[in-house]
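The block underneath contains the structure these notes are about, expressed in structure tokens.
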Amino acid sequence: MDFKLEIAKKISNITDMEEAKVLDLMEIPPQPNMGDYAFPCFQLAKVMRKAPNMIAKELAEKVEKDNIVEKAEAAGGYLNFFVNKEEFIKQVINQVIEQGDKYGTSDEGEGKTVLVEFSSPNIAKPFHIGHLVNTITGNAIEKIFKHLGYKTVKLNHIGDYGTQFGKLISAYKRWGDDEVIEKDPINELLKIYVKFHDEAEKDPSLENEGRMYFKQLEDGEPEAVALWEKFRELSLKEFKKLYKDFNIEFDSYAGESFYSDKMPEVIEILKDKNLLKESNGAQIVDLEQFNLPPCMIIKSDGATIYATRDLAAAIYRKRTYDFFKSLYVVGNTQALHFKQFFSVLKLAGFDWADDCVHVGTSLVKFADRKLASRKGDVIYAKEVVDEAVEKTLEIINTKNPNLENKEDVAKKVGMGAIIYTFLKNNMDRDIIFSWEDMLSFEGESGPYVQYSYVRGKSILKKAGNIDENPDLSYLKTEDEYNLVKQLGFFKETVKQAADRYEPFVINRYVTDLAKAYNKFYNTHPILTAEKEVRDARLALTKAVTNVLDIGLNLLGIQTPESM
RNA sequence: GCGCCUGUAGCUCAGUUGGAUAGAGCAACGGACUUCUAAUCCGUGUGCCAGGGGUUCGACUCCCUUCAGGCGCACCA
């Protein structure tokens with residue numbers, strides 16, 4: 001039973017306002033002593049032609065009292081509701097425990113598919129911190145939608161196409177050393193690629209050679225294709241190591257090259273609709289009616305460009321998956337490109353263009369460029385992971401040296417710290433990278449929430465068998481009630497995170513829940529309390545650890561059993 | 001020049017989509033471990049919500065404008 005909904009019904013019954021509208025207006029009072037739910041009467045004032053505080057008073061009298069609403073009280077223009085706490089506590093905890101890891105799920109996504117494109121690194125280029133932020137964000141968004149019942153598909157749109165690969169083939173044929181490449185593929189490939197650029201400055205004919213190999217690649221020359229496949233495989237192997245660390249698996253690695261043969265159709269469609277226009281030798285789609293710069297489709301040299309590939313990919317995906325929504329988790333800096341490309345889809349008559357959403361992720365910046373990296377001037381994902389895990393191991397060795405599976409725990413906690421930091425704030429804001437923030441394991445942090453979970457788990461373990469049907473009326477303190485209230489918010493939190501495409505909403509929620517539990521934990525004994533109280537508190541603890549576990553997992557943060 | 005984003009406590013950021021006295025963490029200081037894991041908890045302060053107009057019962061929130069910072073503006077992705 002949903003208390004908020006029940007109260008909305010009651011209000012709707014005694015006013016002319018629809019239930020949905022009431023629900024929308026309802027809020028939580030700023031102070032707990034003011035009540036559990038509040039209904040502002042200001043909007044009714046216009047219709048009823050009465051002062052809001054008068055209306056609140058009248059409604060307070062009329063509201064039906066029962067085992068849900070204990071008291072309704074007017075406070076200025078607000079009508080405040082006090083629910084039957086005992087009943088509320090019972091409902092919430094039982095629901096959490098019964099539903100287990102399904103708690104907070106919904107059927108809103110039933111039968112609907114949501115595509116999530118994220119990560120999308122480039123072949124033979126290092127995976128840097130920007131990719132990491134993007135990967136972590138996309139992963140969380142996918143999990144959130146999945147929890148709401150959507151079928152989700154994780155797409156890794158690998159950057160594996162373009163003249164750069166012709167250059168790489170050329171570089172490889174000149175300076176490639178398989179033995180060295182096997183050891184550290186991405187860095188070595190990057191090295192020879194950079195060398196190619198340096199040499200090309202001295203000898204411009206190299207550029208032609210690069211273009212030639214790309215042409216061979218496009219024409220399907222076996223040798224060029226074989227090399228390209230080799231680079232792709234080596235790179236993917238590296239990327240997958242990192243994905244494994246973060247427990248991420250993609251459903252598709254179809255990259256740019258996959259769509260290379262699907263572009264002629266796009267061009268046909270645009271031609272048919274009379275959308276292509278010649279401009280300075282290039283073919284563009286004019287977007288003036290959207291107040292946007294034109295979108296380039298074919299370059300003046302006849303080659304296609306990324307917008308063309310994105311169009312081909314979108315059409316292919318609609319056909320293949322018949323998506324309800326197609327999310328592009330890509331950096332904020334590319335906002336314009338997505339506006340343009342979605343607009344072209346719309347002009348081409350694809351009404352599902354509105355179901356395509358660019359979820360713009362934060363730009364990572366450095367307060368002091370020199371301190372950006374411990375080694376160089378960019379930060380690689382691996383570097384961040386290694387630092388975080390190492391720092392965690394140090395802490396474990398001082399705080400809990402006898403811990404089992406130290407390495408495993410250090411990994412979960414270190415990664416947790418990274419994920420938490422990247423999903424801490426809304427994505428319109430840039431992330432100012434600092435090692436201090438990243439490696440701070442106190443206060444609002446991943447380890448803080450994991451620690452709260454571990455403490456709860458530890459108690460449950462010590463308790464052994466717990467009463468399946470405890471008398472929850474023994475949960476009488478304010479700390480306990482606040483904790484239960486927090487548990488009750490979970491469902492709308494997940495919904496909100498999905499509606500806003502913002503994982504940080506979940507992040508704040510688990511933090512608040514952990515805070516409430518820590519407060520409770522520090523002031524009230526559990527195992528040593530008298531039997532009835534102990535049983536009730538164990539049930540509460542079980543519910544809290546369950547929701548912390550779900551919430552953290554939605555973010556991609558794993559939960560150790562001890563730390 | 002145009003477009004988008006940001007501006008809230010010393011720092012990093014929330015602020016339930018227009019509601020009640022604007023909140024957290026960090027940093028500083030003080031307190032709580034022979035007691036369920038102190039990676040914890042409790043206590044002590046701070047605000048021209050960038051500035052100026054407007055909209056209305058009511059604005060950190062919406063509109064206009066100024067200032068400051070960031071990102072982006074076709075042959076890279």
Side-chain angles (χ1 to χ4, degrees), chain A residues 24-25 27-31 34 38 40 42 45-46 51-52 75-78 80 120 122 157 159 161-164 256 279-284 291-301 303-307 309-310 330-337 339-340 360 363 365 392 395-396 398-400 403 413 417 424-432 434 436-437 440-452 454-463 489 492-493 496 499-500 504-505 508 511-512 514-515 518-529 534 537 541 562-563:
Chain A
D24 195 46
L25 286 174
E27 29 184 299
I28 307 292
Q31 303 293 326
M34 298 167 100
F42 305 98
K46 282 176 202 155
Y78 289 90
N80 290 337
S120 311
N122 293 322
H157 194 66
Y161 191 82
T163 43
Q164 49 179 323
E256 295 174 345
S279 170
N280 296 329
Q283 296 287 321
I284 60 153
N291 212 358
L292 294 171
C295 182
M296 177 165 291
I297 303 295
I298 303 174
K299 298 193 282 183
S300 52
D301 67 358
T304 55
I305 192 165
Y306 60 102
R309 281 189 285 282
D310 270 338
V330 181
N332 268 324
T333 54
Q334 293 190 47
L336 179 60
H337 165 247
K339 275 187 198 164
Q340 291 177 301
L363 176 67
K365 298 203 294 198
T392 311
I395 293 176
I396 291 172
T398 58
K399 292 190 188 280
N400 199 355
L403 182 68
V413 176
K424 200 171 177 181
N425 302 128
N426 85 66
M427 302 191 297
D428 289 330
R429 215 176 257 283
D430 296 341
I431 292 172
I432 313 292
S434 98
E436 201 189 328
D437 280 353
S440 150
F441 293 179
E442 283 164 21
E444 294 174 344
S445 70
Y448 173 90
V449 184
Q450 287 168 318
Y451 183 66
S452 314
V454 162
R455 288 171 123 185
K457 273 297 200 187
S458 172
I459 286 181
L460 292 174
K461 206 169 157 190
K462 285 200 169 126
F489 290 146
E492 36 191 308
T493 302
Q496 201 198 17
D499 287 347
R500 292 174 65 176
F504 91 97
V505 172
R508 294 199 86 85
T511 306
D512 287 343
K515 268 185 205 170
N518 280 327
K519 187 183 165 83
F520 160 71
Y521 179 99
N522 270 283
T523 24
H524 309 282
I526 299 169
L527 290 174
T528 56
R534 174 187 140 114
R537 287 180 178 168
T541 294
S562 54
M563 64 190 269

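What you are looking at is a predicted structure, and each value in this text was computed from that prediction instead of being measured. So that the names make sense, note that chain A is the first sequence line, chain B the second, and so on, each numbered from 1. Every heavy atom of this structure was used, including side-chain atoms; hydrogens, water molecules and symmetry mates were not.
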For this session: Using whole Å, report how far NZ of A:Lys339 lies from P of B:G72.
Result: 14 Å
Problem set entry | Given B:G23, B:U17, B:A39, the nucleotide with the shortest approach to the side chain of A:Tyr451 | B:A39
Problem set entry | Nearest-neighbour nucleotide for the A:Ala282 side chain, B:A14, B:C75, B:U37 considered | B:C75
Exercise. Counting any heavy atom closer than 4.0 Å, what does A:Ser120 reach on the DNA or RNA strands: base, sugar-phosphate only, or nothing?
Worked result: nothing
For this session: Return the value, rounded to whole Å, for the distance between atom CZ of A:Arg508 and atom C1' of B:U12.
Result: 11 Å
Exercise. Using a cut-off of less than 4.0 Å, is there contact between a side-chain N or O of A:Arg429 and OP1 or OP2 of B:G7?
Worked result: yes
Exercise. Taking the P atom of each, how far is B:U16 from B:U61, in whole Å?
Worked result: 12 Å
Exercise. Any idea which of B:A14, B:U37, B:U6 is nearest the A:Asp428 side chain?
Worked result: B:U6
Seminar exercise, completed: The Watson-Crick or G-U wobble partner of B:U35, with both key distances under 3.5 Å, is none
For this session: Assign A:Ile305 to base, sugar-phosphate, or nothing according to its heavy-atom contacts below 4.0 angstrom with the strands shown.
Result: sugar-phosphate
For this session: Kindly point out which of B:A24, B:A74, B:C41 is positioned nearest to the side chain of A:Tyr448?
Result: B:C41
Exercise. Between B:U40 atom C1' and A:Ile395 atom CD1, what is the distance in whole Å?
Worked result: 14 Å
Exercise. Nearest heavy-atom pair of A:Met296 and A:Ala307: which atoms, and what distance?
Worked result: O-CB, 3.6 Å
For this session: State the syn/anti category of B:U17 according to its glycosidic angle, syn meaning within 90° of 0.
Result: syn
Seminar exercise, completed: Applying the 3.5 Å cut-off to both distances, the Watson-Crick or G-U partner of B:C75 turns out to be none
Exercise. More 5' along RNA chain B: A:Gly162 or A:Thr333, using each one's nearest nucleotide?
Worked result: A:Thr333
Exercise. Which comes earlier along RNA chain B counting from the 5' end, the contact point of A:Asp430 or that of A:Ser279, where each point is its nearest nucleotide?
Worked result: A:Asp430
Exercise. Among B:A20, B:U12, B:U17, which nucleotide sits nearest the side chain of A:Arg500?
Worked result: B:U17
Problem set entry | Span that lies between the P atom of B:C71 and that of B:A24, in whole angstrom | 34 Å
Problem set entry | Rounded interatomic separation in angstrom, taking CD1 from A:Ile432 and P from B:C11 | 13 Å
Exercise. How long is the line joining NZ of A:Lys424 and C1' of B:A24, in whole Å?
Worked result: 10 Å
Exercise. Does the A:Asn400 side chain pair with the main chain of A:Ile396, one donor and one acceptor, at a distance under 3.5 Å?
Worked result: no
For this session: Could you work out the separation of B:U17 and B:C29 based on their P atoms and round it to a whole Å?
Result: 40 Å
For this session: Starting at CZ of A:Arg537, measure out to OG1 of A:Thr528 and round the result to the nearest 0.5 Å.
Result: 9.0 Å
Problem set entry | For atom OH of A:Tyr306 and atom C1' of B:C75, their distance in whole Å | 10 Å
Exercise. Just how far, in rounded Å, is C1' of B:A14 from CG of A:Asn425?
Worked result: 8 Å
Exercise. When rounded to the nearest Å, what value does the distance between P atoms of B:G31 and B:A14 take?
Worked result: 34 Å
Problem set entry | Among B:A20, B:U17, B:A39, the one nearest A:Pro29 by side-chain distance | B:A20
Exercise. Which atoms form the tightest heavy-atom contact between A:Met563 and A:Gln450, and what is the distance?
Worked result: SD-C, 3.8 Å
Exercise. B:G47 and B:C4: how far apart are their C1' atoms, nearest whole angstrom?
Worked result: 29 Å
Seminar exercise, completed: With B for base contact, S for sugar-phosphate-only contact and - for none (protein heavy atoms under 4.0 Å), nucleotides 26-36 of chain B reads S---------B
Exercise. Quantified in whole Å, what is the C1' atom distance between nucleotide B:A59 and nucleotide B:G72?
Worked result: 31 Å
Exercise. Rounded to whole angstrom units, what separation is found between the CE atom of A:Met296 and the C1' atom of B:C73?
Worked result: 13 Å
Problem set entry | B:A74 to B:U55 separation - P atoms, rounded to the nearest Å | 41 Å
Problem set entry | For the student: nearest non-hydrogen atoms of A:Glu444 and A:Lys515, plus distance | OE2-NZ, 3.4 Å
Problem set entry | Watson-Crick or G-U wobble mate for B:C26, both contacts under 3.5 Å | B:G10
For this session: Look at the side chain of A:Asn80 against the base of B:A20 and say whether a donor-acceptor pair falls under 3.5 Å; ignore hydrogens and angles.
Result: yes
Seminar exercise, completed: Side-chain atoms of A:Lys515 come closest, of B:G25, B:G70, B:C4, to B:G25
